[in-house]
Amino acid sequence: MKIIFLAFAVLLGSLNASVPGNVEEFTLSNGIPVITRTIDNNEIEGVSLFIIGGSSALTEETQGLERFSLECAMMGSEDYPGPEWRELMDRTQAEWTSSFNYDYSRYHLRCIREDLPALLSAFGNSLLNPELEEQAFEQVRTSTIQDLQEKYSDPDSWIWFVANDAFMPGHTYRRLPDGTLETISGFTIDDVSNMLEQRIRSGNLLITHAGPTQPQELQNILELAFGDIPEGGQEYPQVEPFAVNTDTIVVQHREVPTAYAVVKFNAPPQGHEDLLPFRTAVTVVYDLLWQVLRTDYALTYATYSGATNYRENWGYMYVSSPQPVLACSLMAGVLADVIENPVDEDIVRGTIEKSRTRANLMAASKDDQCWMMGNFEICTGDWRNAYTVFDHISELSSADLSAVLDRWVEFGGWGIIADTTVVSIDHLQPWPLK
Amino acid sequence: MKAFTLLLLPFVISLSAADFETRQLENGLTVIVSPDDTSPVVTICIAVKTGATCETPETNGLAHFYEHMFFKGNEALPDQTAYNRRMGELGILQNGTTYPERVQYFLTLGSENFQEGLEFMYDAITSPLFDMEEMEREREVIMNEHDRGLTHPFYNLSLAREEVIYTDAPWRQSPIGVPEVIQAAAPPAMHAFQEHYYTPDNSALIIAGDVEYEEAFRLAEEQFAGWEYGGLSNYDSLPRLISIERDTTVFVDSPSGAGYVSVVYEGPSISTNPGDSYPADVWGSYLSLMSREFYTDLVTNGPFINIYGSYYTQRFSPSITFAGMVPPDRAEEALALLLEEIEQLQSPDYYDEEGLLLAKEDLYRHRILAEETSRDVAVESMPFWWVVAGSLDYYVTYQDSLDVVEPSDISEFIGTWIVNKPRVAFVLMPLDGEENR
């Protein structure tokens with residue numbers, strides 16, 4: 001095999017103080033871009049393969065097919081049929097984690113350095129030449145269906161999807177990357193083969209790495225493992241902004257001892273200059289929700305807020321409480337109050353300091369590093385944005401945070417799971433956020 | 001054609017556990033320091049030998065209630081608002097966890113604030129206020145935590161486990177406790193817990209991250225030397241809890257519709273039978289091999305979606321568990337097959353030499369992976385081993401002890417703890433309106 005290395009190493013340290021200097025980029029011969037951060041404090045390697053598209057690559061009928069196909073592929077391949085694949089996993093104790101979101105699928109490998117070549121070789125082979133043996137295929141189906149049943153059964157998990165019904169009806173992101181019981185039940189081996197053939201194309205892929213293997217050696221390993229993946233890929237349209245134009249609520253009745261509530265609201269898309277201040281603002285709101293709902297009113301064990309990291313984003317607030325009417329009313333009030341009245345600057349500084357600690361914690365985790373570089377590359381077009389956050393965050397004032405919330409927060413899409421024989425449905429109306 | 005072939009060599013991986021040193025202060029506090037300058041953060045953890053296992057029916061839930069009150073103000077920071085504000089000033093991320101056999105509190109902050117972080121931890125651990133008004137509010141928070149647990153898809157199963165496996169004192173496995181105790185909790189009970197368990201001689205201070213050994217030990221001693229020796233903890237003399245006297249099968253309703261089968265035996269306590277724990281770990285690691293008989297029979301060619309057999313290292317409730325997800329309509333068939341498989345475990349033919357070597361290597365790899373970051377070391381690894389084993393000697397000699405495990409040791413372990421021993425089987429599946437049986 002002819003190996004053409006189109007390497008262009010970029011040393012970034014001099015460009016910006018917060019961008020780490022030990023990051024290099026190169027491209028495999030088939031065009032797959034790779035971003036690697038060399039971290040040699042121990043023997044642990046992390047490699048993430050991102051398959052770009054997410055919900056945009058799915059239809060109503062194919063919800064969950066990409067996830068299902070990848071899980072099937074990871075059961076064995078032409079060169080590593082089931083028994084050999086399992087033996088390799090036994091020998092290496094490799095940890096595979098996967099996540100499937102609205103913008104991309106991600107497979108992450110965590111292993112010891114010496115095992116990296118063999119594991120990536122098997123991974124590449126499984127994507128290109130999956131075995132798709134009938135029994136293993138049905139095992140994946142059964143396992144996936146059980147996962148979905150558990151997710152639906154657990155109100156703490158399902159509440160996020162109830163809120164989607166209120167916030168984003170008809171949106172591209174309503175196509176569920178994990179699938180539904182109906183779609184998963186109907187997939188065939190041909191569906192899986194076709195999906196893999198269509199999606200495993202160099203133009204759809206991105207690889208990130210963090211660990212001790214040096215860039216040149218990594219390039220050789222990756223070329224052997226993924227260099228045969230065919231070129232091509234799909235262009236996906238811009239994801240449309242969310243179009244919620246009124247406060248909305250969706251209530252699901254369940255016999256639960258505590259209610260669960262989530263409200264979602266507009267947030268700046270990736271790449272927008274407002275996103276960082278917005279994200280900081282909803283982190284301040286998190287601290288205030290804790291203070292008001294948990295410390296002052298003792299209404300809940302769990303309440304928090306945040307903003308997503310997709311191409312199109314939303315802010316959210318969450319609470320579980322036996323008194324959902326009061327809890328949701330207070331939650332909306334906290335957000336409205338921050339919009340109208342800038343909070344104490346000390347609270348903002350505290351939020352920023354805690355964010356800084358969190359970022360430094362993530363710097364020690366190869367998994368987190370792989371995710372950060374890949375996510376920001378896909379969603380903002382430049383992985384460096386993962387590291388430049390603190391170049392600007394320290395300058396934010398409380399007034400900036402109120403202003404950015406005022407610009408973006410308008411209507412809320414509320415989801416509630418509650419026992420409506422205990423909590424009157426008449427009292428469950430959407431609470432205005434401003 | 002395979003691109004790579006792995007050679008199986010004896011002990012290719014050597015266990016590179018985190019570097020650390022341990023010292024003991026005059027008041028009995030164990031101080032463990034593990035430097036790691038990968039990132040400019042340090043994690044400070046205090047592990048306390050307490051938890052639900054120290055409770056009675058009348059105090060079930062108080063160890064956990066105490067953990068909540070840890071964050072509600074102390075002599076230096078008089079209420080949670082002041083406490084939260086100080087966390088912001090120092091950039092502290094923090095939490096606490098109450099397990100059946102230990103409680104731990106941990107915070108992470110920038111290493112430039114290390115000394116202030118030690119002071120913050122000292123004030124919280126030595127002088128919590130237990131203000132009655134704060135407790136009144138906090139009990140509602142804890143009740144919400146309790147109620148959230150009731151909606152978990154596996155709640156019915158965990159409840160059944162507590163009642164059937166820990167029959168003598170199920171509350172000792174239930175940190176969340178019971179509503180009656182949570183509702184009645186008052187400061188005197190908190191003070192009693194503090195007096196008995198929250199003392200330096202019953203605790204370990206673990207510091208991991210961007211620090212130097214000598215500086216960390218010096219600052220730890222300066223800050224914590226004033227914590228008064230207690231000497232009242234009964235933790236080390238608490239009785240064994242797990243007790244399985246006869247074969248039992250329990251069918252548990254599955255609200256999600258998912259199926260799950262498990263079989264549980266008593267296991268060796270790390271405090272009374274530490275020697276049995278090494279073959280137990282090697283054996284459990286062997287059973288996790290997907291290329292060997294256990295997995296092949298039950299998953300590849302059987303009804304299980306996944307399966308494991310493992311030994312859980314504990315002092316009071318050590319258990320040996322076989323468990324896996326199953327399609328609900330095949331749950332009873334899966335249980336029958338699992339029990340048949342367990343009967344074969346003592347046969348020497350069941351294990352091959354290469355697999356046993358692999359099982360040991362996997363344990364080494366597992367430890368390396370489990371200690372990737374300084375936070376992993378301070379929060380996940382060290383507190384567990386210090387509490388369950390009573391010191392870190394067990395942790396330090398672990399690889400050497402695994403190296404000398406022979407097939408005969410495994411056979412003896414199975415003979416002692418599994419063959420002809422009573423077990424409890426749990427089958428989680430939809431019961432269509434029937435009561436658990």
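Lettering of chains follows the sequences in order, A, B, ..., and the numbering in each one begins at 1. What you see is a predicted model; the values in this text were computed from it and never measured.
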| query | Given the options B/Val141, B/Thr373, B/Asp36, B/Asn84, which has more heavy-atom pairs under 4.5 Å with chain A than any of the others? | reply | B/Val141

| task | Against chain A, work out which of B/Gly257, B/Ser374, B/Gly259, B/Ser288 has the most heavy-atom pairs shorter than 4.5 Å and name it. | result | B/Gly259

Minimum heavy-atom distance [X]-[Y], with the two atoms named:
X: B/Thr108; Y: A/Thr357; answer: O-CG2, 3.6 Å
X: A/Thr295; Y: B/Arg137; answer: O-NE, 3.0 Å
X: B/Ile368; Y: A/Ile44; answer: O-CD1, 3.3 Å
X: B/Ser39; Y: A/Ala364; answer: CB-CB, 4.2 Å
X: B/Met87; Y: A/Lys354; answer: O-CG, 4.2 Å

Segment of [X] engaging chain B (4.5 angstrom heavy-atom cut-off):
X: A/Lys366; answer: both
X: A/Arg358; answer: both
X: A/Glu87; answer: both
X: A/Asp156; answer: side chain
X: A/Trp290; answer: side chain
X: A/Thr142; answer: both
X: A/Asp154; answer: both
X: A/Glu78; answer: neither

| message | Can a side-chain donor-acceptor contact be found between B/Thr81 and A/Gln291 if the only test is distance below 3.5 angstrom? | response | yes

| For residues B/Thr38 and A/Asn41, is any side-chain donor paired with an opposing acceptor at under 3.5 Å? | yes

| said: Donor-acceptor check, side chain of A/Arg110 to backbone of B/Leu369, threshold 3.5 angstrom: yes or no? | reply: yes

| said: Checking the side chain of B/Glu145 only, and the main-chain atoms of A/Ala302 only, is there a donor and an acceptor separated by less than 3.5 Å? | reply: no

| request: Apply salt bridge (Lys or Arg N to Asp or Glu O under 4.0 Å) to the pair A/Arg294 and B/Glu140, showing each step before the final yes or no. | output: CA-CA 9 Å; A/Arg294 180 160 161 163; B/Glu140 298 309 316; over 6 Å; no

| task | Kindly check if the number of other-residue, nucleotide or ligand heavy atoms within 6.0 Å of CZ (B/Phe70) is above 12? | result | yes

| field | More than 12 heavy atoms of other groups within 6.0 Å of A/Glu255 CD | value | no

| Between B/Met325 and A/Glu150, is a side-chain contact (heavy atoms from CB on, under 4.5 Å) present by the stated rule, with each step listed? | CA-CA 12 Å; B/Met325 303 293 300; A/Glu150 275 178 45; 3.4 Å; yes

| remark: Per-residue tally against chain B (heavy atom, under 4.5 Å) across A/Tyr260, A/Tyr152, A/Tyr297 peaks at A/Tyr260

| note | Looking only at A/Ala122, A/Ser365, A/Ala363, most heavy-atom pairs under 4.5 Å shared with chain B are made by A/Ser365

Please classify the contact of [X] with chain A as side chain, backbone, both or neither, using a heavy-atom distance under 4.5 Å.
X: B/Leu289; result: both
X: B/Arg148; result: both
X: B/Val326; result: backbone
X: B/Ile305; result: side chain
X: B/Phe304; result: backbone
X: B/His146; result: neither
X: B/Thr300; result: both

| query | Quick one: does A/Gln139's side chain get under 4.5 Å of B/Val299's, heavy atoms only? | reply | yes

| If you measure from the Lys or Arg side-chain nitrogens to the Asp or Glu carboxylate oxygens, is any gap between A/Asp344 and B/Arg85 under 4.0 Å? | yes

| query | Could B/Arg365 and A/Glu114 be called an ion pair, given the rule that one side-chain N must be under 4.0 Å from one carboxylate O? | reply | yes

| request: Start with the C-alpha distance between A/Glu353 and B/Glu89, add both sets of side-chain angles, then the distance that settles side-chain contact (heavy atoms from CB on, under 4.5 Å), and finish with yes or no. | output: CA-CA 7 Å; A/Glu353 285 310 308; B/Glu89 288 167 2; over 6 Å; no

| task | Take A/Gln93 and B/Leu363 through the side-chain contact (heavy atoms from CB on, under 4.5 Å) test and state the conclusion after the steps. | result | CA-CA 9 Å; A/Gln93 283 295 290; B/Leu363 290 168; over 6 Å; no

With rounding to the nearest 0.5 angstrom, report the [atom1] to [atom2] distance, [X] to [Y].
X: A/Asp90; Y: B/Tyr286; atom1: CG; atom2: OH; answer: 10.0 Å
X: B/Asn144; Y: A/Ser321; atom1: CG; atom2: OG; answer: 6.0 Å
X: B/Glu371; Y: A/Asn42; atom1: CD; atom2: CG; answer: 10.5 Å
X: B/Ser291; Y: A/Met89; atom1: OG; atom2: CE; answer: 11.0 Å
X: B/Asp147; Y: A/Ser320; atom1: CG; atom2: OG; answer: 9.0 Å

